[in-house]
Amino acid sequence: MAIILFKNPLLATMNPAREVWRGDLLVRGDRIVEINQPGQSNFSGKIDRTIDAGRWLILPGFIQTHIHLCQTLFRNQAEDLPLLDWLRRRIWPFEAAHDAASMRLAARLGIAELLAGGTTTILDMGSVRHYDVVLEELEKWGLRAAGGKCMIDTGAGVPPGLLEKTAGSLQESQQLYKTWHGAANGRLRYAFAPRFSLSCTERLLREVGAMARELGCMIHTHAAEAAEEEALLQEKKYRSIDFFREMGIAGEHCCFAHGVQVNAREIAGLAQDRTAITHCPSSNAKLASGMAPILKMRQAGVRLGIGADGAACNNRLDIFSEMRLAGLLQKLQHGAIALSAQAIVEMATIDGARCLNWDDEIGSLEIGKKADLIAIDLDTPHAYPQNRENIYAQIVYAAKSSDVRLTMVDGRICYERGEIGNMDINATLAAAEIEWKKLLHRAQITG
Ligand SMILES: [Zn+2]
């Protein structure tokens with residue numbers, strides 16, 4: 001069990017008192033075991049590695065509560081389309097054309113980008129097939145994740161390769177849950193992932209709702225993203241938040257991506273039943289879906305996380321871009337003091353952990369919690385000088401993902417000095433290029 005000492009960093013703990021101070025942090029195995037004033041450690045055992053962290057700000061690792069690792073190969077390949085066209089003309093045909101090899105490279109690229117950019121935990125929605133491959137890659141490279149295969153059993157424009165039989169979809173999800181939930185020292189958790197209201201039958205959703213409650217498992221889906229989605233659902237006399245609740249998909253174990261098209265009544269309902277919302281500002285802007293009312297949701301007490309969504313609609317998986325845009329959009333809409341930088345960092349750390357019901361283990365630097373942390377070098381021309389009184393503004397508005405120097409998950413250093421473990425980055429990029437070309441050939445996109 002390795003013992004690692006981070007010596008003398010500035011610590012933005014995100015603990016309940018939101019303490020920011022200079023100290024030493026000791027990791028033993030997968031846990032934070034000491035946080036002390038510099039030189040005040042009581043630890044008497046042998047330290048395997050001491051890292052001089054005096055230049056660094058150490059934070060709990062960032063948590064992105066909506067990601068599609070399966071879409072990383074589609075980066076820069078699905079431009080200038082609104083949501084439903086983007087899905088039907090590009091993303092669904094691409095996803096249908098995935099094989100195990102292309103899925104592996106999509107996941108690997110995404111994981112590399114996330115770890116190098118300071119993200120330590122994701123809530124991931126897969127494609128319909130090959131989710132076991134995504135989980136294998138997560139297990140291998142060390143990112144913490146909840147996630148699941150996407151479930152689709154109906155819907156206009158869904159290609160045959162993605163359309164499942166209801167029973168088969170449930171069965172496969174259950175099998176993945178059995179194999180993977182709690183795997184990798186508890187670092188991987190399964191989440192049921194029905195795609196969205198227009199691509200799932202009521203039977204599928206009701207059974208997912210019941211099964212998740214029975215198993216104590218999360219549900220992750222998209223809801224209230226675009227106006228066209230709400231308009232189509234209106235034919236069934238529903239709005240999407242109400243629809244999911246009617247299907248038994250609401251509550252503390254549920255996390256919905258987007259929540260752009262929510263009204264005051266729905267916001268009150270989300271706060272009351274504790275359903276979490278993931279804010280995806282870049283994706284919502286790029287697909288022209290709109291601006292989620294996150295200030296109103298926060299004021300109402302809705303649990304909020306933040307995420308990049310997929311590389312096919314962003315085109316980054318960069319938490320720094322998401323935090324910055326989230327802050328800027330709220331300022332434009334509600335005024336300069338609308339949403340503090342601290343509130344945004346909370347969404348990306350401790351509040352994200354709460355959305356995943358994982359805040360007992362991650363989301364803050366506290367003794368006994370998992371050693372999921374990142375080191376940022378703030379002594380850079382673009383981030384200097386520091387303002388210790390508001391370190392959060394420096395993180396949200398000045399820092400960049402390239403300032404991340406080290407990423408630790410579960411006590412394991414997954415990224416350091418530009419290296420993702422023993423991953424050969426150049427070989428990964430070359431293989432990704434080959435797999436993308438093969439996938440594009442299989443997909444035969446026509447317009
Ligand atoms: Zn999404």
Side-chain angles (χ1 to χ4, degrees), residues 65-66 68 123-129 131-132 134-135 145-155 158 162-183 186 188-225 229-230 232-233 235-259 262 265-266 268-278 302-303 305 354-360:
T65 53
H66 185 54
H68 299 263
L123 177 57
D124 183 60
M125 179 179 287
S127 186
V128 169
R129 289 172 294 116
Y131 202 67
D132 50 340
V134 175
L135 289 159
K149 78 170 231 66
C150 155
M151 307 171 87
I152 298 181
D153 69 340
T154 187
V158 177
L162 288 187
L163 200 57
E164 306 174 278
K165 293 259 192 301
T166 309
S169 181
L170 289 160
Q171 215 168 32
E172 196 185 330
S173 299
Q174 229 170 349
Q175 193 54 48
L176 284 164
Y177 167 86
K178 273 189 204 149
T179 310
W180 287 96
H181 189 68
L188 301 178
R189 292 182 177 177
Y190 197 73
F192 290 99
R195 187 89 182 210
F196 77 138
S197 60
L198 301 177
S199 65
C200 300
T201 61
E202 295 192 11
R203 185 187 148 210
L204 179 76
L205 294 174
R206 284 186 201 283
E207 296 213 15
V208 164
M211 213 156 66
R213 277 185 199 282
E214 188 188 312
L215 297 170
C217 183
M218 273 195 77
I219 301 174
H220 184 37
T221 187
H222 300 95
E225 180 174 2
E229 162 202 354
E230 289 293 324
L232 285 169
L233 200 58
E235 291 167 13
K236 295 190 195 176
K237 304 274 181 282
Y238 278 118
R239 290 178 53 86
S240 60
I241 302 287
D242 299 331
F243 178 62
F244 282 121
R245 188 178 293 114
E246 181 70 24
M247 298 298 116
I249 297 180
E252 202 142 34
H253 62 300
C254 296
C255 183
F256 297 168
H258 305 302
V262 289
R265 177 185 60 79
E266 290 161 334
L270 290 165
Q272 192 175 14
D273 65 26
R274 309 281 300 143
T275 304
I277 293 285
T278 301
V302 177
R303 296 185 304 149
R354 290 199 179 107
C355 293
L356 305 180
N357 301 307
W358 220 332
D359 52 306
D360 57 332

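Just so you know, these numbers come straight off a predicted model, no measurement behind them. Starting from 1, each residue takes its place in the sequence as its number. Basis for what follows: all heavy atoms, side chains included, without hydrogens, waters or symmetry-related copies.
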Legend entry - Tyr131 side-chain N/O to Met125 backbone N/O, donor-acceptor pair under 3.5 Å: no

Inset, instruction - Please lay out, stage by stage, how Leu356 and Arg189 fare under the test side chain to side chain contact (heavy atoms under 4.5 Å, CB included). - result: CA-CA 10 Å; Leu356 305 180; Arg189 292 182 177 177; 5.9 Å; no

Legend entry - Shortest non-hydrogen contact between Ala224 and Glu230, atoms and distance: CA-OE2, 3.2 Å

Legend entry - Side-chain heavy-atom pair Asp242, Arg265 within 4.5 angstrom cut-off: yes

Legend entry - Heavy-atom closest contact (Leu123 atom, Gly147 atom, distance): CD1-N, 4.4 Å

Legend entry - Flag side-chain contact, heavy atom, 4.5 Å: Phe192 against Ile249: no

Inset, instruction - Taking ring pair (Phe, Tyr, Trp, His ring centres under 6.0 Å) as the test, write out the residues that go with His181, two or more places apart. - result: Tyr177

Inset, instruction - Decide yes or no for Asn357 and Arg274: does some side-chain heavy atom of the first lie under 4.5 Å from some side-chain heavy atom of the second? - result: no

Legend entry - By side chain to side chain donor-acceptor pair (under 3.5 Å) - contacts of Ser169 (at least two apart): Glu164

Inset, instruction - Check the surroundings of atom CD in Gln272: do more than 12 heavy atoms from other residues, nucleotides or ligands lie under 6.0 Å from it? - result: no

Inset, instruction - Mind checking the CE-SG spacing from Met151 to Cys200? Nearest 0.5 Å is all I need. - result: 7.5 Å

Legend entry - Atom pair CZ (Arg195) and NE2 (His220), whose distance is rounded to the nearest 0.5 Å: 10.5 Å

Inset, instruction - For Ile219 and Pro194, work out which heavy atoms get closest and say how close. - result: CG2-CD, 3.9 Å

Inset, instruction - First locate atom OH of Tyr190, then atom NZ of Lys149, and finally report the distance between them rounded to the nearest 0.5 Å. - result: 6.5 Å

Legend entry - Contact check, side chains of Gln174 and Met211, non-hydrogen atoms, under 4.5 Å: yes

Legend entry - Contacts of His222 that satisfy ring pair (Phe, Tyr, Trp, His ring centres under 6.0 Å) - sequence neighbours left out: His66, His68, His258

Inset, instruction - Dump the intermediate steps for side chain to side chain contact (heavy atoms under 4.5 Å, CB included) on Glu225 and Phe196, then the final yes or no. - result: CA-CA 10 Å; Glu225 180 174 2; Phe196 77 138; 5.8 Å; no

Legend entry - Partners meeting side chain to side chain donor-acceptor pair (under 3.5 Å) with Thr275 (sequence neighbours left out): Asp273

Inset, instruction - Indicate yes or no: at least one non-hydrogen side-chain atom of Asp132 is less than 4.5 angstrom from one of Thr179. - result: no

Legend entry - From Tyr238 atom OH to Ser197 atom OG, the distance as rounded to the nearest 0.5 Å: 11.5 Å

Legend entry - Nearest heavy atoms of Gly126 and Cys150, plus distance in Å: O-CB, 2.9 Å

Inset, instruction - Please examine the side chains of Cys355 and Thr278, heavy atoms only from C-beta on, and report whether any two atoms are closer than 4.5 Å. - result: no

Legend entry - Within residues 199-209 or reaching into it, pairs that qualify as side chain to side chain donor-acceptor pair (under 3.5 Å) - sequence neighbours excluded: Asp153-Thr201, Arg203-Glu207

Inset, instruction - Rounded to the nearest 0.5 Å, what's the gap from OG on Ser240 to CZ on Arg245? Could you check? - result: 10.5 Å

Legend entry - Distance in Å, Glu246 CD paired with Ile241 CD1, rounded so as to fall on 0.5 Å steps: 14.0 Å

Inset, instruction - With sequence neighbours excluded, tell me which residues meet side-chain contact (heavy atoms from CB on, under 4.5 Å) with Arg354. - result: Ile350, Asp351, Asp359

